[in-house]
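None of the values given here were measured: they were computed from a predicted structure.
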Amino acid sequence: MLRVLVYDNQTSNLEEMTDPKQVLTAISDTQKTIWVDLTKPSQEEAKLLEEGFHFHAIAVESALKEGERPKFYSYGNYSFLLMEATAASNKGSVVKLSQFSAFISKNYLVTVHQKDVNFIEDTINTIKSEPELLNRGVGFLLYNLLDGLIANYFPILDKIDNKLKTIEERIFQRPNQQVLNEIFKLRQEINQMRKSVSNNLDVLSLMMRHDSMQSSEENRMYLMDLYDHLMHLLDMIDMYHDMVFTSMDAYLSSVSNNMNNIMKVLTAITTIMMPLTVITGIYGMNFDMPEFHWTYGYVWALTLMAVSVIAMTLFLRSRKWL
Amino acid sequence: MLRVLVYDNQTSNLEEMTDPKQVLTAISDTQKTIWVDLTKPSQEEAKLLEEGFHFHAIAVESALKEGERPKFYSYGNYSFLLMEATAASNKGSVVKLSQFSAFISKNYLVTVHQKDVNFIEDTINTIKSEPELLNRGVGFLLYNLLDGLIANYFPILDKIDNKLKTIEERIFQRPNQQVLNEIFKLRQEINQMRKSVSNNLDVLSLMMRHDSMQSSEENRMYLMDLYDHLMHLLDMIDMYHDMVFTSMDAYLSSVSNNMNNIMKVLTAITTIMMPLTVITGIYGMNFDMPEFHWTYGYVWALTLMAVSVIAMTLFLRSRKWL
Amino acid sequence: MLRVLVYDNQTSNLEEMTDPKQVLTAISDTQKTIWVDLTKPSQEEAKLLEEGFHFHAIAVESALKEGERPKFYSYGNYSFLLMEATAASNKGSVVKLSQFSAFISKNYLVTVHQKDVNFIEDTINTIKSEPELLNRGVGFLLYNLLDGLIANYFPILDKIDNKLKTIEERIFQRPNQQVLNEIFKLRQEINQMRKSVSNNLDVLSLMMRHDSMQSSEENRMYLMDLYDHLMHLLDMIDMYHDMVFTSMDAYLSSVSNNMNNIMKVLTAITTIMMPLTVITGIYGMNFDMPEFHWTYGYVWALTLMAVSVIAMTLFLRSRKWL
Amino acid sequence: MLRVLVYDNQTSNLEEMTDPKQVLTAISDTQKTIWVDLTKPSQEEAKLLEEGFHFHAIAVESALKEGERPKFYSYGNYSFLLMEATAASNKGSVVKLSQFSAFISKNYLVTVHQKDVNFIEDTINTIKSEPELLNRGVGFLLYNLLDGLIANYFPILDKIDNKLKTIEERIFQRPNQQVLNEIFKLRQEINQMRKSVSNNLDVLSLMMRHDSMQSSEENRMYLMDLYDHLMHLLDMIDMYHDMVFTSMDAYLSSVSNNMNNIMKVLTAITTIMMPLTVITGIYGMNFDMPEFHWTYGYVWALTLMAVSVIAMTLFLRSRKWL
Amino acid sequence: MLRVLVYDNQTSNLEEMTDPKQVLTAISDTQKTIWVDLTKPSQEEAKLLEEGFHFHAIAVESALKEGERPKFYSYGNYSFLLMEATAASNKGSVVKLSQFSAFISKNYLVTVHQKDVNFIEDTINTIKSEPELLNRGVGFLLYNLLDGLIANYFPILDKIDNKLKTIEERIFQRPNQQVLNEIFKLRQEINQMRKSVSNNLDVLSLMMRHDSMQSSEENRMYLMDLYDHLMHLLDMIDMYHDMVFTSMDAYLSSVSNNMNNIMKVLTAITTIMMPLTVITGIYGMNFDMPEFHWTYGYVWALTLMAVSVIAMTLFLRSRKWL
Ligand SMILES: [Mg+2]
Ligand SMILES: [Mg+2]
Ligand SMILES: [Mg+2]
Ligand SMILES: [Mg+2]
Ligand SMILES: [Mg+2]
Ligand SMILES: [Mg+2]
Ligand SMILES: [Mg+2]
Ligand SMILES: [Mg+2]
Ligand SMILES: [Mg+2]
Ligand SMILES: [Mg+2]
Ligand SMILES: [Mg+2]
Ligand SMILES: [Mg+2]
Ligand SMILES: [Mg+2]
Ligand SMILES: [Mg+2]
Ligand SMILES: [Mg+2]
Ligand SMILES: [Mg+2]
Ligand SMILES: [Mg+2]
Ligand SMILES: [Mg+2]
Ligand SMILES: [Mg+2]
Ligand SMILES: [Mg+2]
Ligand SMILES: [Mg+2]
Ligand SMILES: [Mg+2]
Ligand SMILES: [Mg+2]
Ligand SMILES: [Mg+2]
Ligand SMILES: [Mg+2]
Ligand SMILES: [Mg+2]
Ligand SMILES: [Mg+2]
Ligand SMILES: [Mg+2]
Ligand SMILES: [Mg+2]
Ligand SMILES: [Mg+2]
Ligand SMILES: [Mg+2]
């Protein structure tokens with residue numbers, strides 16, 4: 001789908017266009033700030049990039065293909081930016097990644113993405129309600145989009161937080177293999193998210209160091225703000241990474257704790273019962289023992305057994321195993 | 001709350017102001033050194049930053065919002081500094097963070113914070129008792145504030161030290177799951193504190209490398225002193241980090257030690273009692289055995305059992321399991 | 001085997017040569033773009049490198065020997081590149097490495113390799129079907145070859161992925177020593193592959209920073225694309241590296257889980273049976289016990305045993321060990 | 001305590017001074033090389049630093065306070081150096097740190113330390129016996145002192161080596177909790193020492209890169225020699241660090257080995273004795289069994305038991321558990 | 001032992017000298033390329049370095065002392081190089097280090113070493129058989145020696161490889177404490193070797209970056225080749241490092257596997273035998289049970305026991321513990 005917003009810096013007029021030819025004419029007018037958005041571009045719309053805007057073949061290929069690494073290339077009069085974005089809703093796993101590309105020129109911006117991303121809609125609404133914001137140029141437009149892209153990572157952290165809390169509870173109630181598998185899965189997703197943020201950060205640094213982005217002090221401020229947000233994300237991810245490892249340590253220690261309790265019970269049973277077996281064994285021998293002739297021989301044997309049980313119980317208590 | 005101290009470098013006179021308009025007039029007089037402090041600023045006081053002092057919107061937003069990352073931005077004629085501070089008193093957890101912002105200009109300093117921080121009060125008192133110190137300029141004022149901010153970290157390390165000692169004692173007395181959870185919590189808090197100090201350090205380095213901070217040799221010395229204090233904090237945190245890991249190793253080994261002791265008792269009981277069971281079993285068989293006809297048959301059986309107990313005890317002793 | 005392709009930039013004519021002398025004449029014509037490929041060079045063909053093209057002895061030695069590290073050397077008017085390549089088919093292990101060398105001059109390229117590598121054939125076919133591509137020069141030729149070399153790594157990642165899935169299934173069904181050995185082997189192969197990709201990356205970076213490679217903007221774009229592919233490979237290898245470690249953790253936890261189950265059964269059997277042994281022991285003693293004279297004495301004893309079994313079963317149930 | 005050595009470069013005369021005023025006069029004579037040492041300076045002597053030599057307040061504070069981090073500050077015509085030193089003798093723990101400060105000027109050196117350090121005495125003796133060495137200037141004096149400071153670390157490594165040997169022996173004889181605690185303590189001390197050496201190294205590098213230290217080629221050589229010694233220390237500490245971790249691994253494996261032996265004995269006892277209990281149990285049943293009427297019924301039962309013992313022993317032998 | 005080779009670049013004549021005075025005369029003739037080798041220098045020969053060649057005292061001390069760290073110092077008209085070498089044959093341990101020093105001047109090279117090193121002899125033979133090689137100057141001589149020094153590391157890797165294979169076999173046959181100790185020892189030796197190669201590499205990099213070494217393109221090529229060999233060594237050492245850690249993991253898992261097998265047998269014996277004990281216990285009770293009056297009472301009891309054995313065996317089989 002092709003959407004075009006053309007803003008006239010002199011008249012402060014915002015216009016929507018649909019005809020590609022009209023767009024190509026508009027971009028040659030440096031008094032205009034133009035945003036072209038391509039959502040899931042059709043083959044015809046895709047052709048526009050290479051044949052209409054004359055963007056470099058390698059950049060266009062990256063923009064249209066999924067599974068590319070974040071990158072920033074500069075081509076003389078325009079730059080190409082590719083970042084990883086996160087889709088808003090996802091069921092099974094926590095993290096779900098897509099990709100967002102932008103061709104950045106002096107007076108126009110072309111964005112390309114295969115998935116619907118909410119921040120496109122948000123930015124369109126912002127601009128329509130206050131078109132004068134585009135007086136600040138293409139840099140401001142890009143800042144708004146990337147700010148939305150980065151903001152999308154934070155709800156994922158909330159999900160991770162929730163998952164961690166559920167896991168923690170289950171560890172102390174029922175530390176079974178299934179919890180451990182969920183810990184492993186979460187660990188992998190946090191790693192994946194760390195890589196995604198870290199790669200976006202690398203690309204943002206690259207962009208910040210590039211001349212075209214340092215033309216205005218304003219732009220530099222915007223990029224530094226985005227940089228701070230990504231660094232803040234990394235700090236939080238590192239914290240969750242630590243917490244997942246703590247969960248695993250807690251799981252292992254909970255399992256080993258259960259094992260200890262089993263061993264304690266086994267030892268307690270054996271320690272209390274075995275002497276009884278020996279005592280009954282002795283009076284089960286077929287010798288003609290004097291005790292058999294005592295009036296209270298049976299009582300004596302039972303007393304002996306009771307004493308043994310009490311002694312052993314006290315011993316186990318002294319070791320805190322009972 | 002708005003507090004303003006105005007120092008006249010020529011008359012060495014210190015004056016307190018309360019009217020914002022008066023303040024905005026004062027800052028244009030370069031013969032004066034001015035400190036404006038905003039504690040939990042009201043909406044009206046907050047407006048002063050952008051509309052009165054004309055600070056950049058992004059910086060003002062960072063100063064007023066909580067949960068920002070430490071940063072240092074330079075805007076031509078003034079700079080913006082944001083650092084993590086630690087609040088003085090806290091019950092449940094060891095570390096409690098807030099944030100401290102400063103707009104640094106040639107002749108005036110504006111500080112913003114959402115929480116009461118003790119070093120503000122301390123610096124006000126220092127200046128009131130010896131106003132001439134402000135002859136050294138805004139840099140000295142900032143140094144005093146940051147010195148207080150950094151000094152606040154050290155009592156936290158004392159708390160960590162105390163917690164570690166309590167934990168250590170409990171590990172060798174009662175190594176239960178609860179101690180382990182406290183170790184995990186402390187580990188996380190140390191990590192959090194490390195990140196906080198490390199981020200402040202990054203920002204301080206950034207500030208040290210900035211031109212505006214290298215105007216006077218005096219300033220550079222002050223900043224290097226702060227840098228050393230933060231590095232010293234990091235060294236100490238690294239040491240406590242090591243100690244927490246040692247605690248965890250000690251816990252695990254203490255648990256495994258207990259397990260070994262349980263196994264030893266189980267083995268000892270089984271080793272001593274089982275042969276007795278066999279002996280009593282033999283003389284419990286319903287054969288017409290010769291021993292039944294011996295005068296001392298019963299004594300013989302008991303002797304046999306005593307010998308078995310002694311032999312097994314000696315065997316266990318030789319293995320040091322008893 | 002010697003194969004030579006000579007392209008005339010003016011006539012757009014592609015010619016194949018076989019006579020080494022003719023080749024040496026052709027390379028002095030800067031209007032021509034020439035590719036010389038040496039597959040498993042004979043001693044005579046090998047001599048051509050040092051004596052015909054006058055390449056440096058150290059570079060030639062590296063190109064002809066197996067087991068060299070990836071490297072990039074620049075010798076004034078030509079450069080030497082050595083990269084690790086992966087052979088296409090392999091049975092026992094996942095990764096199988098060979099080596100690919102290239103001497104890069106302004107208008108000709110000499111490639112040397114001891115193993116048949118599929119991307120040579122692919123590039124030859126591409127050129128033969130569209131010779132005009134060589135108008136883009138030697139850089140484009142090299143880009144095509146290295147693109148093929150890097151693409152060869154991806155099928156190996158698929159194999160690793162398959163192996164990991166098989167291993168994962170077996171871990172939860174039969175976690176024996178053999179699975180563990182396969183995990184160890186896979187871990188080692190992933191490490192080996194990481195080193196290989198990482199070394200190729202180092203060399204590519206070196207090449208990118210070299211003047212001769214920055215002559216045209218076009219070349220820089222090609223190299224950056226290759227760089228991105230290698231970085232993407234590294235990201236994926238890091239992910240598999242994480243997954244192998246998770247497999248090992250899962251294995252260990254699965255083994256420990258089995259151990260716990262064994263201990264639970266041992267404890268259950270002992271806990272239920274031992275009290276029975278004591279009860280039968282008591283009524284096996286040769287005292288004249290009142291119970292022996294009861295009408296339902298035997299039933300009483302059996303009831304006592306049934307109660308004991310039920311009590312112990314409930315106890316084990318309460319601990320979730322049964 | 002104040003000690004002053006004044007060397008006249010022209011007359012080669014070495015003089016000792018005690019009057020602070022005389023010292024302050026002497027340092028203005030650039031023909032003289034002067035060394036002022038302050039051991040545990042009294043308040044009056046301490047004042048000399050700021051008021052007599054006019055050193056910077058921050059540097060003086062660092063020199064007089066304990067617990068500072070190694071640092072190197074340059075103040076125009078003099079530099080301030082602070083390094084960690086190790087005291088020579090110590091009982092309980094292996095490492096014991098103090099601090100050594102030096103104010104370095106063109107023609108005079110002022111050293112400050114709170115603890116008696118042997119290398120001060122050594123350097124005084126060297127100079128008194130061969131005063132001409134001071135022709136090489138303040139740099140040579142400093143080199144001698146720091147060489148002594150660094151040499152003090154090596155005996156500590158010997159102590160660590162001895163401790164490690166004692167620990168290793170005890171691990172295989174009696175791997176109890178106490179050995180483990182000593183390993184933990186040693187690990188912490190090695191970490192502490194690593195940090196100390198590493199911090200000194202950082203400061204030395206800083207000093208080496210400073211202009212004032214590069215005035216003479218001779219000075220640069222001396223500093224590089226000190227740098228090599230510290231790097232050598234780090235290499236050795238890294239080795240001991242590895243060895244402590246190996247000790248811990250050995251301890252854990254020794255404990256687990258003991259556990260295995262206990263389990264083997266438990267299993268052996270149970271495996272051999274249990275069948276006997278069953279056999280005696282069978283012939284203890286009150287049925288009228290045919291065996292009771294055999295002439296050699298008792299012998300038969302004993303033979304059965306002997307066969308069972310032999311069979312089980314062979315089984316355990318085959319598994320190498322006996 | 002002093003050995004001197006003097007090569008005349010004009011006459012291509014190679015001469016051996018023995019008189020130190022003659023040597024000192026020869027080196028002033030820049031038309032000659034001279035190599036002086038000192039193997040285990042006598043005190044008199046050692047004096048030659050400082051007094052004859054006037055090398056710096058610190059460098060000479062390093063060259064004559066054992067236990068120095070690899071280093072590269074430049075002294076105006078000559079440089080000093082110290083590298084770690086490996087002695088060819090060694091019994092007990094795998095790695096055995098010595099040290100090799102070289103003073104490098106424009107037209108002469110002085111090498112010093114305390115141990116006989118094979119590559120000295122090899123280089124002497126190479127030169128004697130083809131003296132013209134010395135036309136390439138001192139750099140080529142040094143390259144030949146260092147190439148030999150580095151080549152000596154590779155046989156050590158073969159030894160490590162053999163040891164690892166032996167260890168691996170024993171782990172699965174007899175995983176006892178002794179194998180573990182050998183793994184620990186090998187791990188330490190690999191660490192030591194890594195440090196040695198890494199330190200040599202640091203020094204080589206230092207040398208490569210030094211002006212005197214970049215005089216000729218030829219020299220730079222030689223050094224880059226040596227650099228590649230050392231990097232290749234590091235890659236291989238890293239691989240063996242990984243393999244040693246895998247060995248340790250395999251050992252631990254093999255021990256834990258054995259433990260599991262022991263527990264399985266213990267559980268199996270207990271599970272099968274305990275019910276039998278209970279059955280015999282029941283019929284050993286002195287009640288007047290109906291079974292005693294059955295004709296096939298005894299057979300009934302034995303059948304009951306057989307059924308119990310079969311049931312328990314099937315249960316154990318279902319759990320795969322038998
Ligand atoms: Mg990465
Ligand atoms: Mg990264
Ligand atoms: Mg980070
Ligand atoms: Mg971080
Ligand atoms: Mg960070
Ligand atoms: Mg960690
Ligand atoms: Mg950080
Ligand atoms: Mg650090
Ligand atoms: Mg540090
Ligand atoms: Mg640190
Ligand atoms: Mg560590
Ligand atoms: Mg670890
Ligand atoms: Mg690597
Ligand atoms: Mg690498
Ligand atoms: Mg990576
Ligand atoms: Mg990467
Ligand atoms: Mg990684
Ligand atoms: Mg990891
Ligand atoms: Mg680990
Ligand atoms: Mg671990
Ligand atoms: Mg450190
Ligand atoms: Mg350090
Ligand atoms: Mg080191
Ligand atoms: Mg080192
Ligand atoms: Mg480790
Ligand atoms: Mg190291
Ligand atoms: Mg190193
Ligand atoms: Mg390396
Ligand atoms: Mg490497
Ligand atoms: Mg490496
Ligand atoms: Mg490692």
Looking at [options], which makes the most heavy-atom pairs under 4.5 Å with chain A?
{"options": "K320(C), M259(C), K264(C), M221(C)", "answer": "M221(C)"}
{"options": "N257(C), T277(C), T267(C)", "answer": "T267(C)"}
{"options": "D249(C), T270(C), T280(C)", "answer": "D249(C)"}

Under 4.5 Å from any heavy atom of chain C, what part of M289(A) do you find: side chain, backbone, both or neither?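 Answer is neither: M289(A) stays 4.5 Å or more from chain C.
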Could you note down all residue pairs passing side-chain hydrogen bond (donor to acceptor under 3.5 Å, both in side chains) where residues 293-314 of chain A supplies at least one of them, sequence neighbours left out?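 Non-adjacent pairs meeting side-chain hydrogen bond (donor to acceptor under 3.5 Å, both in side chains): Y283(A)-W300(A), D288(A)-H293(A), Y298(A)-E291(C).
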Donor-acceptor side-chain pairing of S253(C) and Q177(A) below 3.5 angstrom: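 On atom types as modelled, these side chains qualify, holding a pair under 3.5 Å.
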With no hydrogens and no angle check, just 3.5 Å: does a side-chain donor-acceptor pair link N286(C) and N286(A)? yes
salt_bridge(R194(A), D238(C)) N-O dist < 4.0 Å: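 Between D238(C) and R194(A) there is no salt bridge, as every charged N stays at least 4.0 Å from the carboxylate O atoms.
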If every non-hydrogen atom of M273(A) is compared with every non-hydrogen atom of P275(C), which pair is closest and at what distance?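 Taking every non-hydrogen atom into account, CE-CG, 3.8 Å.
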Answer yes or no: is there a side-chain heavy-atom contact under 4.5 Å between [X] and [Y]?
{"X": "I58(A)", "Y": "M224(C)", "answer": "no"}
{"X": "N258(A)", "Y": "W321(C)", "answer": "no"}
{"X": "Q192(A)", "Y": "M239(C)", "answer": "no"}
{"X": "Y73(A)", "Y": "D228(C)", "answer": "yes"}
{"X": "I262(A)", "Y": "R319(C)", "answer": "no"}

